[in-house]
Every structure is written in C-alpha cells, then in structure tokens.
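What follows is a short report on a single structure.
Computed from a prediction, not measured in an experiment: that's the story for all the values here. Letters A, B, ... are given to chains in the order of the sequence lines, protein chains preceding strands, and every chain is numbered from 1.
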Amino acid sequence: MELTGAEIVIRALKEEGVDYVFGYPGGAILHVYDAIHAQNDIQHILVRHEQAATHAADGYARASGKPGVVLVTSGPGVTNAVTGIATAFMDSIPMVILSGQVPTKLIGNDAFQEVDSVGITRPCVKHNFLVKDVKELATTLKKAFYIASTGRPGPVLVDLPKDVTAAKTVFEYPHTIKMRSYNPTVKGHTGQIRKAVKLILKAERPIVYVGGGAILGEASKEVTELTRMLGYPVTNTLMGLGAYPATDPQFVGMLGMHGTYEANMCMHDCDVMIAIGARFDDRVTGNLEKFAPYARIVHIDIDPSSIAKNVQVEVPIVGSVANVLRAMISLIREEGSQPLKKEALARWWRQIEKWRAIDSLGYEQNNTLIKPQYVMEQLYKVTEGNAIVTSDVGQHQMWAAQYYHFDLPRRWINSGGLGTMGFGLPAAMGCKLACPDLDVACVTGEGSIQMMLQELSTMLQYQTPVKIVNLNNGYLGMVRQWQEFFYEKRYAMSYMDALPDFVKLAEAYGHVGMKIENPGDVEASLREAFAMKDRTVFLDFITDPEENVFPMIPAGGAHNEMLLAGRDAMRSTHEEGMVLV
Amino acid sequence: MRHIISILLENESGALSRVANLFSARGYNIETLCVAPTQDPSLSRMTLVTNGTPEIIEQIVKQLNKLIEVVKLVDLTEGVHIERELMLAKIHAASPQQRTEVMRLIEIFRGHVIDVTESTYTVELTGPGDKLDGFMDAVGRDELLEITRTGITGIARGTKALRT
Ligand SMILES: Cc1cc2nc3c(=O)[nH]c(=O)nc-3n(C[C@H](O)[C@H](O)[C@H](O)COP(=O)(O)OP(=O)(O)OC[C@H]3O[C@@H](n4cnc5c(N)ncnc54)[C@H](O)[C@@H]3O)c2cc1C
Ligand SMILES: Cc1ncc(C[n+]2csc(CCOP(=O)(O)OP(=O)(O)O)c2C)c(N)n1
Ligand SMILES: [Mg+2]
C-alpha cells in the first residue's frame, strides 16, 4: 500500500520509538500535522514558540538519552528554532528536527515563508538533509536518527518540501543503515589503552577529569568503577556533573571558571590527567599557556577533532567512553595491577585535603537577605538530591551546579556550550515528560525566565508539574558580576527594572505562585511547593542582589589564580599565588 | 605550511558548501579549490590547497573527516605527489615582435595556442602552480588580458590510490 510522505514521517517516528514530538504548525508542514491528527501513538506537544520546542525536545533527550524530536513549519518556524538547535549542537545532544519547506518547484523563488533552512542551520547541526523525492524519505529519516544518536551525538535537520509530504510511495523502513562516509569509532585502540593504563598506574598526582561525554555515552558506571579502583581524585565539568557521584569522598567538585579550589588546584598540579569525554573548553582550561604545566595527559573521546584541539596530549584514545573504560578496567583486573606510587598518592591526598579545608564554596549566611547559595542547599535537602534540576544561564546556574550535589547522570540539565538564557523552563517540561516520576526543578533568574515565560501555558495544557526556583536578584547577575570586577561597577543595562509580579503571573497562567523574602521561609516554602505534586509552582525568591559566584578564574587566568570569596579565604590562600579581588 | 588535501566526497548537492562553510566558520584559509565527479559518478574528488601550522592542519583534516559526506581524504603533501593546474590565458600580442616573443614563451612553457586573433593569443597551459606563476611573470601583467586558473589538483605517486 502506498503512503503519503506525511504518513511515512509518522510511521518512521513510530519505528524509532518516538513517543513525544515538540512542535508548532504552519502551512508548509500541515500535511504532517494532518497525519498526526489521524493517530494516537505519538503525542504532539504544542509549545508557544518554536525555540521552546527545541529546548523541550533537548531536555527530553538529556533526561532520557533518546533523541528529542521537533516539528516546525518553514520560514519563521525554522528561524525561531535555530537558537535551540545551536544549543543542542554545542552540547552534543541527539535531536531530529523535521521542518516544513515550500514545494520543491518553488524553492529558490523567494516563495512565501521560504528560507534556506539547510543553509541557515548548516553551521549548527551535525548534519542536515533536504528531501526532494518521497522515495528517499524513509531512508533519510532512518539516517537522521542514526546520525543524531551515534558517535558524538548532535541535532540533525530534515527539511520536508510540502509536495514531498503529499506525494505517495510504498513505505519500507530500513532496519539498519550503513553509510560508507560515516562510521564512528567506538572501540579504542588496544595499544593506546595499554599505554594509557601504564601511565595511569605510575601517577603520583593524578586527576580524573570527566566531561559530558561520560553522560552522553552512558558510562557513569564505568567512570565510577575505574576511579574507585584507582582511588584517584575525580572532577567533573559542568556538563559532566552526575557522571561520578558528587557525594563520594573522591569527588573534588566541578572544575573550571567557577569550579572548586581543590578541583582546579588538582588540575594545575597534577602529573597525570585522565580526560574522559571532555573537550578542554576555555571555561575549563583558563589560560592555555599556564594549563596543567606538569601533566601527562590521556584523552578519551569519540570525536577525533576534540583531541589535541586546544591541548596537546600524550595518549589520545578515540572511542566511546564506556567501551574504552571497560577495556582499561579488565586490563587492570587481568594483570592484577595497582597504582604503583602509594606514598606519593597518600601525599597527594593530604595536599588535596588541605585545599578542601579552604572551603571555597563557603559563604556567609545572612538573617535578613536570602542568599542564593542557601536556596540551592535547601533545594538539595528538600528534594533529597533526587530531583532533575534544569537551569537557565547566569549566576543561578553556577550556584545550582555548585550546591546541588548530583549523584546520578541525566539529573543536571543545562546549556553549557552555548549558554542559552531561556533554556531552563522548556527543558524542564521535556524532562518531566521523559521522567514523569521524578521531581523536576527549574532553577532560573528573573532575566532568563522572561525569555521563555510563555511556556507556562504549555505546561498547564499538558500537565507537566515543575517547580520553578527563581533566584530573583533584580539583576542580570552574571553580567553585573563581570561589570563589578572588570568594568569598575559600571552596571550598564544589567539592572532588571519593571519586573512583573511573578506570583500573579503564575496564577494568570493557572499555576501556583509564591514570593519568598525571608531566609527563614526558604525551606518551608520549598517543602510546600514540592508537596503539590501535580502543580507547577513558581517560587520567586528575592535574593541578595549583589551576591557573586566564587571561586572564579578570571578569563585568561590560570587554575591556581582563582578569586575566592571572603577576606579570610583570600588571606589563607595568598601564598598559593592567588590573585586578590 | 602549504598542504594539498585531496578528498573523496559524496557527489551530493550541499557537500561543497559544507566544506566551504567549515573553512569560513573556523577561520581556515583556502588558497585553491577544485572539484569534479570521478569515474564513480556517486563520488566527487575535491582538491584543496590550504596552509597553517601542523596543529591547524591536523584540525582541518579531522574536521573534514567529520563531515558526513566526506568518504575519505589524504594530505598529499605528506608523501610524494604530483600537482597540476590548468590555466587559460588571453594575451595581448599585436606587433610582429610581440607575437614572436609570446609564441616563444608559449613554447618554452609548453603551452598550446587554442585561439588566435590579430591582436591576441589564447593559450592553454598546465603545470604546478609556480610554473603558471612563472609564465604570467614572463608575459607581463600588462599583456595578460584575462586569465582563468582551475586551482591545484593532485595525485600521489606510486601504486597507492585514493578510492573507496
Ligand atoms: C555561565 C557559564 C559558566 C560556565 N562555567 C563553567 C565552569 O566553571 N566549569 C565548566 O566545566 N564548565 C563551565 N561552563 C560550561 C562550558 O562552557 C562548557 O560547556 C563545558 O565546560 C564543556 O563540558 P565538557 O568538556 O564536558 O564537554 P561537552 O560539551 O559535554 O562535550 C562532550 C565531549 O565528549 C565527547 N563525547 C560524546 N559522547 C562520547 C562518548 N560516547 N564517548 C566518548 N566521548 C564522547 C564529545 O566528542 C565531546 O568532546 C560554563 C557555561 C556557562 C554558560
Ligand atoms: C540569550 C542570551 N542572551 C544573553 C546572554 C548573556 N548573559 C549571560 S548570563 C546573563 C544574565 C542572566 O540573568 P538572570 O537570568 O537574572 O540570572 P542571574 O545571573 O541574575 O542569576 C546574560 C544576559 C545569554 N547567556 N543568553
Ligand atoms: Mg538575575
């Protein structure tokens, strides 16, 4: 039997096990919407803005590990989606975007709602396709899912001209796909693995540096096993949080610009660095010239172009984290080998404990002003560390990363690479759909939340209860912090004036709103909110407007040049070559 | 350093712009670019001349390999290879002395005259890029009415072949 292109799209989505599609209709994609209307297996979530569709699909993908699916119309539908596509691209999130396009005969004609979608998205997708013949549709969709979810994952866009979704052909979905030009390396090179293990076991001052690749590659079990086996300290990037349990004593915290003192000092002083699914981002390395001056580096990554991009390494291993680490673990087991430098390691740990004692995340509690860090601590406590926490971008994002201790992967959902304000709320909706049994909190700021506020409406429609934790400092705080440090407190355009009454706003959208102004009410309000299982609650915490995120490595600084909070901390770390604020 | 990268890529619309896009987006430079289908019509062969430090060239090669349409590639400058470029030049030559002199140069550089008028010669010339540069210098910029060059193409010496 012949099916229309639109019906083929739906059948392909079913074959791929898709349960949710996030989208927004329009002329060029209407055939597909008609096919959606005719079935019940795939639920379509009607967002209020296409950017939200991409963030929601992205949140769904990050929480579930399955590719998120987006459906938009041509022209403005696609351009609105671009920010979300780029967000997914930068963090290597699997996503398939199906976009309507003007009929093939009109392409290039400046037709109504025509944009060159393939051209516009080319720099921010892993790959994209324009389907010109309905006979190629099924195979193209198969390829799209395959490319999006294998190797280094990423978004793939399939542009669907309206005549192609109307045309008919026999539906045959390929079970597997093989492409001569795309074959990601999964298994690591045995010789390199052997070399790496040898180097790792000889380490005197090792650090395990784990990134988002360990989460994308479902390897937190292997990361944990190897790290425990070795007894080495381990740090996670912002994207890697949860890959190794944060409450474990071997965990030294997040590293990088706003990482802990001990994590960054470990990076600076280490003699062997084991980089696992991490890409040596500039927010992590700081000044490359002063980066880890004594380190011999092992780097495991599935994408060869991540290796030796910013930092030269001694033992590169191309392969998937889970595979390579399993090989390392069995090699160490088989040979009954152990770390060799016992004494040096003990010394290293004593040093690390001294760094830890500096308590770089310490902050001064206040009786009248709510400290944002305190809200995060209470959020952790009230949810018993079990919630999925999504975040927007800014200071609140860093505080969430620092004070909510993630013990499991896929619980910390944030835009790291692109740093997209507006990500948090739609992403939270996607997470709730992916994991309906988990509590979902969206940590945000009064700036970020206003970029995707309209999604409160979608969240009511589809009953996706989320607790919105607004750290309302009345500032574009992250911008203000930089202006305080680097522009002599000239706060140009970082003050958020004329804020709405968030409580009324939440209520207008049919949700619960709460305003919290006293430190004493923080915990109780969170408890009250989380007790309302089936409601979205907007908690507007009025926080200390001038609080800063510490520690901080100023751009261009080295790992041992962190700025720390508070005078005492500065004094006690002065000898280490600290730059004072 | 100058590198000649030779690429087999899927003969699909969009493949070329993906390569070009990669270079502009990442700030790599392309000196010349030359592309045409191969004996297998599903594949194109692209030859690209670029330059950069060894680290940049390593990234260029890795990033190119990452493009889904790239099937295989080789950095020809890593081994012994032959490079050629084709130039068509329209040269002003009106007086008898000029005409003799131009003909002499064409012979020295082993070019072919492919069109003649009373005041011009149109010449076809192949060779490595520096030979074509040499010819242009010898003729003199003022006499060169028009030139078009294909950009470098190249192939490795020996039995090894870049194929799928
Ligand atoms: C305001 C702000 C502040 C920030 N501050 C910090 C900070 O202090 N510290 C910090 O760490 N980050 C910070 N970031 C985030 C930073 O910009 C980067 O996004 C982040 O550091 C990148 O993390 P990653 O190295 O883990 O790489 P990811 O972007 O997660 O990349 C994953 C890597 O793993 C590889 N990979 C994927 N799958 C696999 C697999 N199966 N097997 C092997 N490899 C795989 C990929 O090829 C890639 O190289 C900040 C961002 C913002 C917005
Ligand atoms: C879409 C977008 N525009 C601009 C920025 C730059 N930026 C980064 S953080 C920030 C301030 C965020 O303010 P808010 O959401 O209130 O969070 P806070 O830092 O106050 O916690 C801005 C403007 C961005 N990351 N994303
Ligand atoms: Mg703010």
Side-chain angles (χ1 to χ4, degrees), chain A residues 86 89-90 92 104 107-108 116-133 136 140 143-144 146-148 150-159 177-185 279-280 288 299 301-313 316 318, chain B residues 1 3 5-28 30 33 35 37-46 48 50 52-75 78 161-164:
Chain A
F89 180 66
M90 288 296 277
S92 306
T104 43
I107 289 179
D116 174 9
S117 304
V118 164
I120 282 183
T121 58
R122 189 179 294 125
C124 61
V125 291
K126 183 170 173 187
H127 197 58
N128 56 19
F129 298 95
L130 170 64
V131 184
K132 286 190 177 151
D133 182 348
E136 285 162 15
T140 306
K143 279 186 189 170
Y146 172 62
I147 293 171
T150 53
R152 179 177 184 170
V156 177
L157 178 134
V158 184
D159 207 20
I177 198 108
K178 229 179 120 63
M179 294 170 67
R180 63 178 169 184
S181 59
Y182 175 71
N183 270 309
T185 310
R279 58 185 173 85
F280 293 84
L288 280 174
H299 189 186
D301 203 293
I302 201 158
D303 177 359
S305 76
S306 279
I307 297 177
K309 182 165 70 176
N310 304 325
V311 171
Q312 294 302 315
V313 302
V318 177
Chain B
M1 234 196 45
H3 286 254
I5 297 170
S6 201
I7 308 166
L8 274 184
L9 76 170
E10 299 288 353
N11 187 7
E12 282 166 8
S13 71
L16 172 62
S17 44
R18 242 180 265 281
V19 173
N21 208 88
L22 171 71
F23 274 73
S24 66
R26 294 189 181 265
Y28 307 140
I30 302 184
L33 180 72
V35 54
T38 63
Q39 75 275 29
D40 174 349
S42 72
L43 287 172
S44 294
R45 171 104 171 215
M46 175 187 281
L48 199 151
T50 181
T53 61
E55 293 77 32
I56 289 177
I57 299 298
E58 181 180 338
Q59 267 300 309
I60 290 177
V61 166
K62 285 173 169 179
Q63 294 290 350
L64 282 169
N65 265 317
K66 223 167 114 169
L67 296 178
I68 306 288
E69 282 116 345
V70 168
V71 181
K72 237 179 196 174
L73 68 79
V74 61
D75 182 348
E78 278 184 350
L162 180 65
R163 52 185 303 169
T164 49

#### Entry: A/D303, part contacting chain B, at a heavy-atom distance under 4.5 Å
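It is the side chain, since no backbone atom gets that close.
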
### Query
Which region of A/I147, side chain (C-beta onward) or backbone (N, CA, C, O), has a non-hydrogen atom less than 4.5 Å from a non-hydrogen atom of chain B, or is it both or neither?
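The answer is the side chain of A/I147.
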
### Message
For a salt bridge (Lys or Arg N to Asp or Glu O under 4.0 Å) check, start with the C-alpha distance between B/E55 and A/K309, then their side-chain angles and the critical distance, and finish with the verdict.
### Response
CA-CA 8 Å; B/E55 293 77 32; A/K309 182 165 70 176; over 6 Å; no

### Query
Taking atom types as modelled and ignoring hydrogens, do the side chains of B/T164 and A/R180 form a donor-acceptor contact shorter than 3.5 angstrom?
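Judged by distance alone, the side chains do not pair up.
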
### Task
Please look at B/S42 and chain A and tell me whether the side chain, the backbone, both or neither of the residue comes under 4.5 angstrom of a heavy atom of that chain.
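Interface part for B/S42: both.
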
#### Entry: B/E58 portion near chain A, given a 4.5 angstrom heavy-atom threshold
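The side chain, not the backbone.
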
### Query
Taking atom NZ of B/K66 as the centre, does the number of heavy atoms from other residues, nucleotides or ligands within less than 6.0 Å exceed 12?
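It does: B/K66 NZ has more than 12 such atoms within range.
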
### 4.5 Å side-chain heavy-atom contact, B/S6 and B/R45
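Yes, side chains in contact.
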
